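Worksheet: one structure, shown below.
All values below come from the heavy atoms of this structure, side chains included, with hydrogens, waters and symmetry mates left out. Here the structure is a predicted model, which is why all the values come from computation and not from measurement. Lettering follows sequence order; numbering is per chain, from 1.
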Protein chains: 2
Amino acid sequence: MGVTKTDLFTKQQNELAQIAKAFAHPARIAILEILVESKSCINGNLVQELGLAQATISQHLRELKELGLIKGSIEGTSVSYCINSQKWEQVRSLFNGLFDQVADSCDSDSCC
Amino acid sequence: MGVTKTDLFTKQQNELAQIAKAFAHPARIAILEILVESKSCINGNLVQELGLAQATISQHLRELKELGLIKGSIEGTSVSYCINSQKWEQVRSLFNGLFDQVADSCDSDSCC
DNA sequence: TAATTACATTGCAATATTACGATTATTATT
DNA sequence: AATAATAATCGTAATATTGCAATGTAATTA
């Protein structure tokens with residue numbers, strides 16, 4: 001029904017899925033990459049860099065902000081966005097927690 | 001319009017976003033975790049483990065298989081699924097490629 | 001061969017996501 | 001205060017995703 005049955009899953013599973021959604025769109029990946037590179041914390045010239053409308057970018061930024069992956073601070077008439085490196089580390093270990101499990105269980109060649 | 005403008009982004013950005021979608025649903029996370037733990041490559045008793053209908057699980061399995069994250073082999077009347085550890089490593093480094101960029105650029109406290 | 005078992009596929013309804021034009025704040029400048 | 005600049009929000013259309021009942025398919029067993 002297009003509605004995820006969150007109650008069937010653990011808190012961690014739901015959390016990881018929620019975060020993964022942030023990465024599940026190329027525009028948001030692009031935004032994150034731009035913010036990472038220009039650590040000077042750029043604002044809405046994202047509209048120029050990417051070819052999307054202002055409203056669309058703003059929407060993606062909000063999603064990233066709601067998940068805590070980025071922070072935004074008002075800077076004159078514009079808004080300065082940047083990576084929230086603390087959250088970033090959390091997310092990294094959330095993913096690696098899953099990734100590493102396979103590495104652990106596959107040290108021999110017991111996998112198919 | 002609900003349609004992603006893939007042509008605006010790089011191949012890598014689209015690829016990472018595509019893979020991230022695999023992780024963007026708790027049922028698929030749960031499935032992957034179960035397959036990781038029971039490296040003996042379990043089949044559709046997933047239906048019992050998770051509380052979803054058989055058709056729903058099958059659909060999630062197909063998505064994971066199409067992305068190459070899991071493999072399935074016919075085993076009598078049932079199907080044995082397991083992690084594709086080769087692809088798994090690729091995915092891990094795809095994500096870490098992004099994650100590490102922040103670590104690199106934030107060694108001092110130049111971030112906001 | 002008929003019945004059974006285990007999955008995959010199809011078709012559909014409900015909800016979510018993506019995108020953008022238009023409008024509405026908010027702050028800065030004149 | 002009026003204007004400009006910048007970005008958030010609203011409303012809406014198009015498409016995607018999630019979930020399941022029903023049906024189809026392939027291998028196994030009686």
**Request:** Could you check which residues of residues 6-25 of chain A get a heavy atom under 4.0 Å from DNA chain C? Sort them by number, please.
**Result:** A/K21, A/H25

For nucleotides 3-5 of chain D, print each protein N/O atom paired with a nucleotide N/O atom at under 3.5 Å, atom names and distance only.
none

**Request:** Please state whether the phosphate of C/dA8, meaning OP1 or OP2, lies under 4.0 angstrom from any side-chain nitrogen or oxygen of B/Y81.
**Result:** yes

**Asked** Who are the side chain to side chain donor-acceptor pair (under 3.5 Å) partners of B/E89, not counting sequence neighbours?
**Response** B/R92

**Request:** Please name all residues satisfying side-chain contact (heavy atoms from CB on, under 4.5 Å) with A/E49, sequence neighbours left out, ordered by chain then number.
**Result:** A/I34

**Item:** Rounded interatomic separation in angstrom, taking CZ from A/R28 and C1' from C/dA16
**Value:** 12 Å

**Pairs touching residues 53-66 of chain A that satisfy salt bridge (Lys or Arg N to Asp or Glu O under 4.0 Å), sequence neighbours left out** = A/R28-A/E63

**Prompt:** Which part of the nucleic acid, if any, lies within contact of A/S78, taking any heavy atom under 4.0 Å across all strands shown: a base, the sugar-phosphate backbone alone, or nothing?
**Reply:** sugar-phosphate

**Fill in**
Sorted by number, residues from residues 50-57 of chain B placing a heavy atom under 4.0 Å from DNA chain D are B/L52, B/A53, B/A55, B/T56

**Sugar-phosphate, base or nothing in reach of B/E63, heavy atoms under 4.0 Å** = sugar-phosphate

**Asked** Does A/E33 have any side chain to side chain donor-acceptor pair (under 3.5 Å) partners at least two apart in sequence or in another chain, and if so, which?
**Response** B/Q13

**Asked** Which residue pairs pass the salt bridge (Lys or Arg N to Asp or Glu O under 4.0 Å) test with at least one member in residues 10-27 of chain A, sequence neighbours excluded?
**Response** none

**Request:** Determine: side-chain N/O of A/H60 to OP1/OP2 of C/dT17, distance under 4.0 Å, yes or no.
**Result:** no

**Evaluation steps, side chain to side chain contact (heavy atoms under 4.5 Å, CB included), between B/V47 and B/L52** = CA-CA 6 Å; B/V47 177; B/L52 292 169; over 6 Å; no

**Request:** Count the heavy atoms of every other residue, nucleotide or ligand shown that sit under 6.0 Å from CD1 of B/I74, and state whether that count exceeds 12.
**Result:** no

**Non-neighbouring partners of A/Q90 that pass side-chain contact (heavy atoms from CB on, under 4.5 Å), sequence neighbours left out** = A/K87

**Request:** Would you please name every residue forming a side-chain contact (heavy atoms from CB on, under 4.5 Å) with A/Q86, sequence neighbours left out?
**Result:** A/N84

**Request:** Calculate the interatomic distance between B/I70 atom CD1 and C/dC7 atom C1'; express it in whole Å.
**Result:** 13 Å

**Request:** Respond yes when some side-chain nitrogen or oxygen of B/R62 is under 4.0 Å from OP1 or OP2 of C/dT9, and no when none is.
**Result:** yes

**Request:** Nearest-nucleotide wise, let me know which of A/N45 and B/T4 is further upstream toward the 5' end of DNA chain D.
**Result:** A/N45

**Complete:** Across all chains, not counting sequence neighbours, the side-chain contact (heavy atoms from CB on, under 4.5 Å) partners of A/S58 are A/Q54

**Message:** Taking side chain to side chain donor-acceptor pair (under 3.5 Å) as the definition, give me every residue that meets it alongside B/T56, ordered by chain and number, with sequence neighbours left out.
**Reply:** none

**Item:** Polar side-chain contact A/Q59-D/dC10 base: donor and acceptor under 3.5 Å
**Value:** no

